[in-house]
2 protein chains.
Amino acid sequence: MYRKHKPDFSFFRTLTFMLFEQFKSAFPQLKDKWDEYSTYLHRIEVPAKTVLLREGQISKKAFHIEKGCLRAWINKGGKDITFQFFFEKETISSAESFRKNIPSFVTIESVEPCILHWISKSDLVKIMNEAMEIPEIRASLIDGIFERHFNYTRQLVSFITQNPKERYLKLVKERPHIVLRVPQHYIASYLGITPVSLSRIRNSVS
Amino acid sequence: MYRKHKPDFSFFRTLTFMLFEQFKSAFPQLKDKWDEYSTYLHRIEVPAKTVLLREGQISKKAFHIEKGCLRAWINKGGKDITFQFFFEKETISSAESFRKNIPSFVTIESVEPCILHWISKSDLVKIMNEAMEIPEIRASLIDGIFERHFNYTRQLVSFITQNPKERYLKLVKERPHIVLRVPQHYIASYLGITPVSLSRIRNSVS
DNA sequence: GCCCACTCATGACCTTTGATAAAAAAAGTC
DNA sequence: GACTTTTTTTATCAAAGGTCATGAGTGGGC
């Protein structure tokens, strides 16, 4: 392997960084806009296992995580298969549903009690249209899309080239916070195996 | 499933469409540029099993396929695992290597004798910088990146939610040209299984 | 046309993972 | 702290897929 896992510096995460301090100094061009933009964000607190977007619905909100953990999962014949985990400072929406106004194939749900900030699609589009006019921000956003894409590609490569045990060890090594924080049966489905099988793998490792 | 497979209308494919007729009428703004741009493309013919980019090298060219078929594969402990197939009118590079100047984790190789057109990264960047100034083209390119990303996401979902037999049937249904044209053992590794296992699956289907 | 490399199918055998059930452990709830 | 619910482990058996070996097509190159 040529490189380590990089955090998911996605399109939306990039945006939310803009909204959440980090980019303010990098992009003083938008200085006057911050106050306006920040009114677009709506703070909510939700308990664990709260569904934020149901499979089949059309995603109209993006969520930024201040505190807690979310997961996106896919319904496969009644079973729930975790597709992605999201943690503090990450932003999540069902990207294809959000962008193309089609039904989402994932359900987005809280794993822990969370503090979230959501923004509506229409407000986000408004900000985007302004931000895209600024070359540095545009470049940064495009970079963000590519990074997100490369991360997903790596996850796909991992499925193609590694067996479940290798994938588990890779996860422990590269993203240990997931293993420490998330119930094991969610991790099992994320790795493409059953909870029973993951338990056996863990047993064989230690 | 909510939608059928869409062709990979990727970032680079979008670009090459621009260079190859289809976008000329859509973007008359670049009318004067077509002649110049077309000199950036270099036509080559290669026999089957020609390596166009070796794992570990840094990708400096993008290839457009006029005729033939390429595949990208990953070396896994001496075995070659097909990651993607590419056909006529598609454009291919090791995207992350090309964009970030890092060693490629895939090898790109011809499956059949091919007629290709390649463009250097520096020339492509030059075109990109000009094209990105035009809002319609910019929007189209960004759409292309997202579409590419969504396609890879679907492939990942397929690995997470489906077993090899289901993946094979899906491939036959949605991309039959691959099954008809490409040697079976390449398809087997693309599906994440051995040639023996694919042969058994085919037998059980018919 | 003949040869050789490539491709595919099949059988025997082995390993891994899944399905199911049940028990143990851990985490919440009141 | 006792009770409930959720999560994890263990055991057993079945099924899927991998490995290895063999033989039968197939097709291109000479």
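Sequence lines set the chain letters: A, B, ... in the order given, protein chains first and strands last, and positions in each chain run from 1. These numbers were taken from a predicted model, which means no experiment stands behind them.
- In this structure, the nucleotide among C:dG11, D:dT7, C:dA21 sitting nearest to the side chain of B:V196 is C:dG11.
- When the P atom of C:dT16 is taken as reference, atom CZ of A:R167 falls 15 Å away, rounded to whole Å.
- One interatomic measurement links the two molecules: CG of B:L198 to P of C:dT7, which rounds to 14 Å at whole-angstrom precision.
- When distances are taken from the side chain of B:I193 to each of D:dT8, D:dG17, C:dT17, the shortest belongs to D:dG17.
- For the pair B:R71 and B:Y186, the cation-pi criterion (under 6.0 Å, within 45° of the ring axis) is fulfilled.
- Of the candidates C:dA21, C:dC8, D:dT8, the closest approach to any side-chain atom of A:Q184 belongs to D:dT8.
- A close approach under 4.0 Å does not occur between any side-chain nitrogen or oxygen of B:K49 and OP1 or OP2 of C:dA5.
- Comparing A:S197 and B:R202, the nucleotide of DNA chain C nearest to each residue sits closer to the 5' end for B:R202.
- Phosphate proximity of D:dA15 to B:K165: absent, as no side-chain N or O sits under 4.0 Å from OP1 or OP2.
- Proximity of a side-chain donor or acceptor of B:S94 to a complementary backbone N or O of B:V106 within less than 3.5 Å is not detected.
- Taking 4.0 angstrom as the limit, A:N203 places a side-chain polar atom (N or O) nearer than this to OP1 or OP2 of D:dT10.
- B:P164 comes within 4.0 angstrom of sugar-phosphate atoms only, judged by non-hydrogen atoms across all strands, and of no base.
- Using a 4.0 Å cut-off, no side-chain N or O of A:H185 falls inside it from OP1 or OP2 of D:dT6.
- Nearest heavy atoms, B:C69 versus B:C114: N-SG, 3.4 Å.
- Between the P atom of C:dA26 and the CZ atom of A:R181 lies a distance of 21 Å, rounded to the nearest Å.
- The CD atom of A:Q162 sits 13 Å away from the P atom of C:dT17 (whole-angstrom rounding).
- Between B:D123 and B:K126 there is a side-chain heavy-atom pair separated by less than 4.5 Å.
- For the pair A:D80 CG and D:dT6 P, the interatomic distance rounds to 13 Å; values are reported in whole Å.
- The distance from atom CG of A:N163 to atom C1' of C:dT17 is 11 Å, rounded to the nearest whole Å.
- Nearest approach of B:F98 to B:A62, heavy atoms of both residues: CE1-N, 3.8 Å.
- Ranking C:dT17, D:dA21, C:dA19 by closeness to the A:T194 side chain, first place goes to C:dA19.
- Evaluation of atom-type donor-acceptor distances gives no pair under 3.5 Å for the side chain of B:R200 against the base of C:dG11.
- B:I187 has its CD1 atom 12 Å from the P atom of C:dT7, to the nearest Å.
- Here C:dC8 presents its P atom at 15 Å from CD1 of B:I201, a figure rounded to the nearest Å.
- Closest approach to the A:P183 side chain among D:dT7, C:dT20, D:dG18 is made by D:dT7 (side chain taken as heavy atoms from C-beta onward).
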